[in-house]
Amino acid sequence: MLGGLAVFFTLHLTAQSEPRPVWGQRPSPELGPVPVPPADVSLLPTRPRTKDVTGGFMVDTSAREEVRSFYNAIYPVSDGVLMDSTSDVTNCIPGTNAPAFYIAVLRRINWLRALAGIPASIALDGSYCVQDQQAAVMMSANTNLSHNPPTTWSCYTADGAAAANKSDLYLGNSGPGAITGYVQDFGGNNAAVGHRRWVLYPQTQMMGTGDVPAQNGLFAANATWVVDGNYYGPRPPTRQPFVSWPPPGFAPFPLVFPRWSLSFPQADFTAATVTMQSNGVPCSVRLETLESGIGENTLAWVPADLDANNSGTVWPFSGADTTYAVAVSNVVIGGVASNFNYTVTVFDPAVPGPDYQPPAISGPTQPGVGRNTLYTFTAIADASGYQWRQTQRLPFNWTDGAENGLGNFTADVSTGYPVIQSDVVASGSYAFHLAQPEPVDQILTLDHLVFPATNGVFSFKSRLGYATASQVAQVQASVDDGLTWRTLYSQAGDESAGETGFTPRTISLADFAGRSVRLRFNYHLALSGTYTYFNQTSTGVGWYLDDVTVTNAAEGVAPQITGTATNSFAFNPAQAISYNLEVRAVLFSEFPVEWGPATTVTATTATVPAVIVLENPSVIGGQVNLDFVLQSGAATTFRLLYANQLSGPWNVDASAILTTTVPGAAFRFSTALSGAARFYRVSTP
């Protein structure tokens, strides 16, 4: 029997009412058997009947920073999207899900395909989704998975059964998480990674998805339609001749799973061998059972004797970039033995690598109030556009001891207990308290946007009371406005009463010097298999915080974000104060990455002489184009002057046409090409 989606508890009481931990069990997900491709797909469409694409992704996995940005900017965007389902499994009502949820699932499919180096423009077909929704209801209602469900099943429909026959099936998970689960392909019946092979089949162009949440004691479920009319069609170009997971190049460690695989069409892996080295040290390898007839022929193996059957098994990662050399030998292709050699570097996408090159801003340090001042920044190779942000820069040497409530924090916590309490304090009358009456993270996020100096410090007084090893007190930082978080401090409980007093904690913010950073406290519950935690909220249970302090930093207020298609922008300050200017790249027109380092400028009302910088002229079709920028000062009218020799005399070119490139900052004069050599300059009247 599968473990339930609800958390199960056992409460131990003593006569002294001492808090005791309860235990919970993470839902036990299950992947069904792998769908078998039909012999004839001629009746299946080869193009979507309803066009719905979020993808077209491509990534160069040989570039660490490109993969890091690709992961941080896009992968987590699919998480946390509300299903908002109208399904009612108890009454066999398939219902519908939120459009944003369908997009999130589709985005995850195309993201994984892009990392694997195969075409990543899968479209969802509306009719497939309707049928998959019925299939998901059937799986949840019957607490079982089948590609050929009998007519006696609860909630049986012919369309749902047809969808189940052509879909990957997941019980105990849904949405984007289920898609990642298919690529993980855990379980004793999935040694041949068939679900992964379906998601990563190069020819596929159309899929469908159906999802139901856990409800009324029944499991969440997903059905993802993976067979379309292109199954026997020509293979499209791929990044490498083979398809592997993890793919060659840089791989984010959360997506490296116990089962590795390599696929090649019509390959014979019967006599194939695999060897691996980890940073030059040999690594043990266990070959999995071969199974043909599903997507492309595939060889799967498990390194380091990991438990690939358990969905909770994670890749053993130390935090440092680790390169694995893979050699797959004696693969027979067309009667000829072939070898495949490649490397995979497992890395932490929260940590920039040596190829990190943020957008560095250049421009005047004293822009004029009420005047456009042009700034440029270094371009990012894989950016489709950019955003720049201005914030007013204020000093931020700050302390909060909870004496004024939650005025400086946003609390994302369970109901039923006060986050501000007076029973346990380090100083003053109040302190913060995070407990876990429910098995979910309890989070306090600082509302201030912090710009630390090189000696910037985040400090606080901490007391971790009754807590188990599954309950972890964390301090985290984000440089992308909370999309991803990096853990700076971590302390797990010890199954006892824990600390009886407050301990000062100090965290250096030097790694974020000159950048904007968001900070938060996360009382995290590590949900892995069976876990224990204290669910009481009484005095002494959980994490207490007091005297939270930030020193040697500035704060950014009144943020304004503006898009720009080029690597320049015009800043028009409204006040004679200091500002921070930041830039970030945008990938695929909609996914911003982290903010680059801030440039601090101080706006002034003083009269600044106009400084005009004339850039290299270009000649196109008998016309001279002269671009120039107003680097400082103010001007509304300009003249183009020319001379036949540098010493003059200079004449006004009355026929020149002036156009504006960036309002108030960048311009172009266009004039007819002269038969003689000429010198040009731009002046204000």
Side-chain angles (χ1 to χ4, degrees), residues 2-7 24-32 54-55 71-72 74-85 87 89 97-98 100-116 122 124 129 132-133 135-137 139-140 145 167-187 190 193 195-196 198-200 207-215 218-226 245-246 252-259 308 310-315 349 439-441 483-485 524-529 531:
L2 293 173
L5 286 180
V7 175
Q25 185 171 345
R26 188 183 183 189
S28 300
E30 180 179 313
L31 291 176
T54 175
Y71 178 86
N72 290 335
I74 304 174
Y75 186 85
V77 174
S78 289
D79 293 327
V81 178
L82 293 178
M83 188 185 302
D84 200 18
S85 180
S87 65
V89 176
N97 299 327
F101 187 79
Y102 286 107
I103 294 298
V105 176
L106 182 58
R107 184 188 302 119
R108 179 63 55 84
I109 292 170
N110 280 322
W111 191 96
L112 292 165
R113 289 173 64 90
L115 194 70
I122 294 292
L124 287 183
C129 292
D132 266 332
Q133 191 68 18
V137 169
M139 304 304 135
S140 178
L145 296 174
S167 297
D168 281 352
L169 301 174
Y170 203 129
L171 195 60
N173 207 341
S174 60
I179 303 303
T180 300
Y182 294 137
V183 173
Q184 179 183 359
D185 228 354
F186 60 89
N190 293 314
V193 293
H195 300 91
R196 176 186 298 175
W198 276 118
V199 173
L200 303 182
M207 291 187 184
T209 182
D211 294 272
V212 295
Q215 50 185 277
L218 297 172
F219 300 109
N222 168 270
T224 296
W225 191 300
V226 291
W245 196 273
F253 81 88
L255 297 176
V256 178
F257 305 118
R259 284 193 174 108
N310 189 335
S311 64
T313 303
V314 298
W315 186 258
V440 295
D441 289 2
L483 184 62
T484 59
W485 292 90
H524 172 62
L525 184 61
L527 301 176
S528 179
Y531 56 90

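- Counting only distance, with no hydrogens or angles, the side chain of Asn97 and the backbone of Asp211 share a donor-acceptor pair below 3.5 Å.
- Residues Pro252 and Pro246 form no side-chain contact, since every pair of their non-hydrogen atoms from C-beta on lies 4.5 Å or further apart.
- Atom OG1 of Thr180 sits about 8.5 Å away from atom CG of Asn173, to the nearest 0.5 Å.
- Side-chain atoms of Leu106 and Thr209, non-hydrogen and from C-beta on, never get closer than 4.5 Å to each other.
- In this structure, Pro258 and Thr313 approach most closely via the heavy-atom pair CG-CG2, 3.7 Å.
- The side-chain heavy atoms of Trp111 and Val77, taken from C-beta on, include no pair separated by under 4.5 Å.
- By the side-chain hydrogen bond (donor to acceptor under 3.5 Å, both in side chains) test, Ser78 is found to be paired with Arg107, residues two or more places apart in sequence or in another chain being considered.
- Between Pro213 and Met83, the shortest heavy-atom contact is CD-SD, 3.4 Å.
- Rounding to the nearest 0.5 Å gives a distance of 12.5 Å between CG of Leu115 and CG of Asn110.
- Closest approach of Val105 to Gly175, counting heavy atoms only: CG2-CA, 3.7 Å.
- Leu169 contributes atom CG, which lies 9.0 Å from atom CG of Leu31 (distance to the nearest 0.5 angstrom).
- At least one donor-acceptor pair closer than 3.5 Å links the side chain of Asp441 to the backbone N or O of Leu525.
- Ring centroids of Trp315 and Phe253 are separated by 6.0 Å or more, keeping the two rings apart.
- To the nearest 0.5 Å, atoms CD (Gln215) and OG (Ser85) are separated by 6.5 Å.
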Inset, instruction - Apply the test side-chain hydrogen bond (donor to acceptor under 3.5 Å, both in side chains) to residues Thr484 and Tyr75: give CA-CA distance (whole Å), side-chain angles for both, the deciding distance (0.1 Å), then the verdict. - result: CA-CA 10 Å; Thr484 59; Tyr75 186 85; over 6 Å; no
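- Listed here is the closest heavy atom pair of Asp84 and Ala98: CB-CB, 3.9 Å.
- For the pair Tyr170 and Tyr182, the minimum side-chain heavy-atom distance is below 4.5 Å.
- Looking at every heavy atom in both residues, Ala526 comes nearest to Tyr531 through O-CB, 4.0 Å.
- Classification of the Trp245-Phe257 ring pair by plane angle, with boundaries at 30° and 60°, yields parallel.
- The CG atom of Asp168 sits 8.5 Å away from atom CG of Asn222, with the distance rounded to the nearest 0.5 Å.
- With hydrogens and angles disregarded, no donor-acceptor distance shorter than 3.5 Å links the side chain of Ser140 to the backbone of Ala220.
- Val212 places a side-chain heavy atom less than 4.5 Å from the side chain of Gln133.
- Counting only distance, with no hydrogens or angles, the side chain of Arg259 and the backbone of Val193 share no donor-acceptor pair below 3.5 Å.
- Partners of Phe101 according to the ring pair (Phe, Tyr, Trp, His ring centres under 6.0 Å) rule, which considers only residues two or more places apart in sequence or in another chain, do not exist here.
- With hydrogens and angles disregarded, a donor-acceptor distance shorter than 3.5 Å links the side chain of Arg113 to the backbone of Val199.
- Note: Ile122 CD1 to Arg108 CZ = 15.5 Å, rounded to the nearest 0.5 Å.
- Of all heavy-atom pairs between Leu527 and Pro439, the closest is CD1-O, 4.1 Å.
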